[in-house]
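So the structure is just underneath, and the comments pick up after that.
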Amino acid sequence: MRSADESESSISPATAVSSASSAPSSSPSASPSSTDSTAPASGPLPDLGPATLAEIPADSDQVVEVVGAGVNSPDSTLVLYQRTASGWQAGAQWAAHNALHGWTEHKQQGDLRSPIGVFGLTDAGGFDPNPGSKLPYYRSDDFVIGGRGFEGESLAGSFDYVIAINYNRKAGVSPLDDTYPLGWERGTGVWIHVDHGGPTHGCVSIPKQDIVTLRGLLDPSLHPVIVMGDAADLAR
């Protein structure tokens with residue numbers, strides 16, 4: 001990922017970004033490969049305390065909840081919730097990775113931690129053609145990466161599909177855009193991307209078929225956001 005640091009990525013500057021494409025009318029057929037639990041009854045968002053809940057915009061009817069196993073853990077769980085008349089309905093549950101050193105509320109470039117907070121999900125992109133994203137999709141040959149991850153795994157293909165997390169980025173542009181409202185030193189390019197089998201530098205990752213499914217479900221008219229962090233911090 002070109003995540004909260006640049007060391008894992010060989011992506012070129014955003015000047016080579018392709019324009020956004022519209023989503024096909026059909027939904028993706030891929031099914032979750034990971035935990036894929038049965039959805040519970042509708043109700044309040046679990047795992048989130050009053051301080052975290054207060055950060056979710058009133059018009060957000062889709063919430064991607066990423067709960068880390070611990071503040072210093074690279075393992076987490078991702079669930080997509082959608083607001084219904086009777087409360088929040090959970091979809092499938094997927095195992096995910098986050099940054100090698102876990103989570104932080106004060107992200108810094110190269111700290112190998114994922115940022116804690118509530119962030120918009122407005123844009124997607126990748127090396128591969130649009131598989132059914134309703135979010136604006138920016139396909140570019142610059143979504144490439146090589147080398148090895150922290151556990152020796154290949155990083156190739158990690159950017160085939162990405163969803164930009166609106167941490168320290170300008171919404172409404174390609175994930176490759178290099179506008180950093182907080183400054184480069186606060187970490188850049190934090191995405192949901194294809195899992196490579198190990199911890200990330202700052203992003204969240206899930207298996208390829210699962211990110212296709214997730215992207216097909218995220219609907220910009222529902223103003224989706226991601227709520228991400230370790231369980232203890234999110235419970236505040």
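No experiment lies behind these values; they were computed from the predicted model shown.
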Exercise for review: Starting from the C-alpha separation in whole Å, work towards a yes-or-no answer on side chain to side chain contact (heavy atoms under 4.5 Å, CB included) for I226 and V118.
Suggested key: CA-CA 6 Å; I226 186 169; V118 178; over 6 Å; no
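- For the pair H97 and C203, the minimum side-chain heavy-atom distance is 4.5 Å or more.
- Atoms CG and OG1, from D111 and T104 in turn, are 6.0 Å apart once rounded to the nearest 0.5 Å.
- In terms of modelled atom types and a separation under 3.5 Å, the side chain of R83 and the main chain of V63 share no donor-acceptor contact.
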**Study point:** Stepwise side chain to side chain contact (heavy atoms under 4.5 Å, CB included) check, V227 with T52
**Key:** CA-CA 8 Å; V227 182; T52 304; 3.6 Å; yes
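- Atoms CG and CH2, from D195 and W94 in turn, are 13.0 Å apart once rounded to the nearest 0.5 Å.
- For D128, the side chain to side chain contact (heavy atoms under 4.5 Å, CB included) criterion is met by D160, Y161, K208, not counting sequence neighbours.
- Looking only at side-chain heavy atoms (C-beta outward), V144 and F127 come within less than 4.5 Å of each other.
- Judged purely by atom type and a 3.5 angstrom limit, S154 has no side-chain atom pairing as donor or acceptor with the backbone of R148.
- Here salt bridge (charged side-chain N to carboxylate O under 4.0 Å, His left out) pairs that include residues 226-236, with residues two or more places apart or in two chains, are E105-R236, D233-R236.
- Counting heavy atoms from C-beta outward, I165 and M228 have side chains that approach closer than 4.5 Å.
- Distance CG/L214 to CD/Q62: 8.5 Å, rounded to 0.5 Å.
- Between S76 and W103 the shortest heavy-atom distance is CB-CZ2, 4.3 Å.
- Between H196 and T200, the closest heavy-atom pair is NE2-CG2, 4.4 Å.
- With no hydrogens or angles considered, a side-chain donor-acceptor pair links N166 and T122 at under 3.5 Å.
- Remark: K107 NZ to S114 OG distance equals 7.0 Å, nearest 0.5 Å.
- From Y81, atom OH reaches atom CG of L48 across 8.0 Å, with rounding to the nearest 0.5 Å.
- A96 approaches V204 most closely through the heavy-atom pair CB-CG1, 4.2 Å.
- Counting only distance, with no hydrogens or angles, the side chain of D123 and the backbone of P175 share no donor-acceptor pair below 3.5 Å.
- Contact of the P115 side chain with the V190 side chain is registered, since non-hydrogen atoms from C-beta on lie closer than 4.5 Å.
- The shortest side-chain heavy-atom distance between V173 and T179 does not fall under the 4.5 Å cut-off.
- When atom types are taken as modelled, the side chain of K170 and the backbone of P181 share no donor-acceptor pair closer than 3.5 angstrom.
- Here the closest heavy-atom approach between residue I145 and residue S158 is recorded as CG2-CB, 4.1 Å.
- Although no hydrogens or angles enter the test, the distance criterion places no donor-acceptor pair under 3.5 Å between the side chain of R139 and the main chain of P129.
- Here the side chains of H101 and N72 are not in contact, with every heavy-atom distance at 4.5 Å or above.
- In this structure, S60 contributes its side chain and H223 its backbone to a donor-acceptor pair below 3.5 Å.
- Closest of all the heavy-atom pairs between V79 and G91 is CG1-O, 4.0 Å.
- Looking only at distances, a side-chain donor or acceptor of N168 sits under 3.5 Å from a matching main-chain atom of G183.
- When atom types are taken as modelled, the side chain of E55 and the backbone of L53 share no donor-acceptor pair closer than 3.5 angstrom.
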Practice item. Could you walk me through whether K134 and L218 pass the side chain to side chain contact (heavy atoms under 4.5 Å, CB included) test, one step at a time? Key: CA-CA 7 Å; K134 298 181 180 110; L218 291 175; over 6 Å; no
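- With 3.5 Å as the limit, one finds no donor-acceptor pair spanning the side chains of R113 and N98.
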Check your understanding: Which is it for T77 and Q93 under the side chain to side chain contact (heavy atoms under 4.5 Å, CB included) test, yes or no, and what are the steps along the way?
Key -> CA-CA 7 Å; T77 301; Q93 176 175 295; 3.2 Å; yes
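- Qualifying side chain to side chain contact (heavy atoms under 4.5 Å, CB included) partners for L100, counting only residues two or more places apart in sequence or in other chains: L112, F150, P199.
- A distance of 11.0 Å separates OG1 in T213 from CG in L80, rounded to the nearest 0.5 Å.
- Considering all non-hydrogen atoms of both residues, V66 and L234 come closest at O-CD1, 3.6 Å.
- Of the listed residues (L135, N130, L121), just one forms a side chain to side chain contact (heavy atoms under 4.5 Å, CB included) with R215, and that residue is N130.
- Each of W191, Y138, F143 was checked for a ring pair (Phe, Tyr, Trp, His ring centres under 6.0 Å) with F159, and the lone residue meeting it is W191.
- Side-chain contact between Q82 and L222: present, with at least one pair of heavy atoms (C-beta onward) separated by less than 4.5 Å.
- Considering only heavy atoms from C-beta on, R186 comes within 4.5 Å of Q108 through its side chain.
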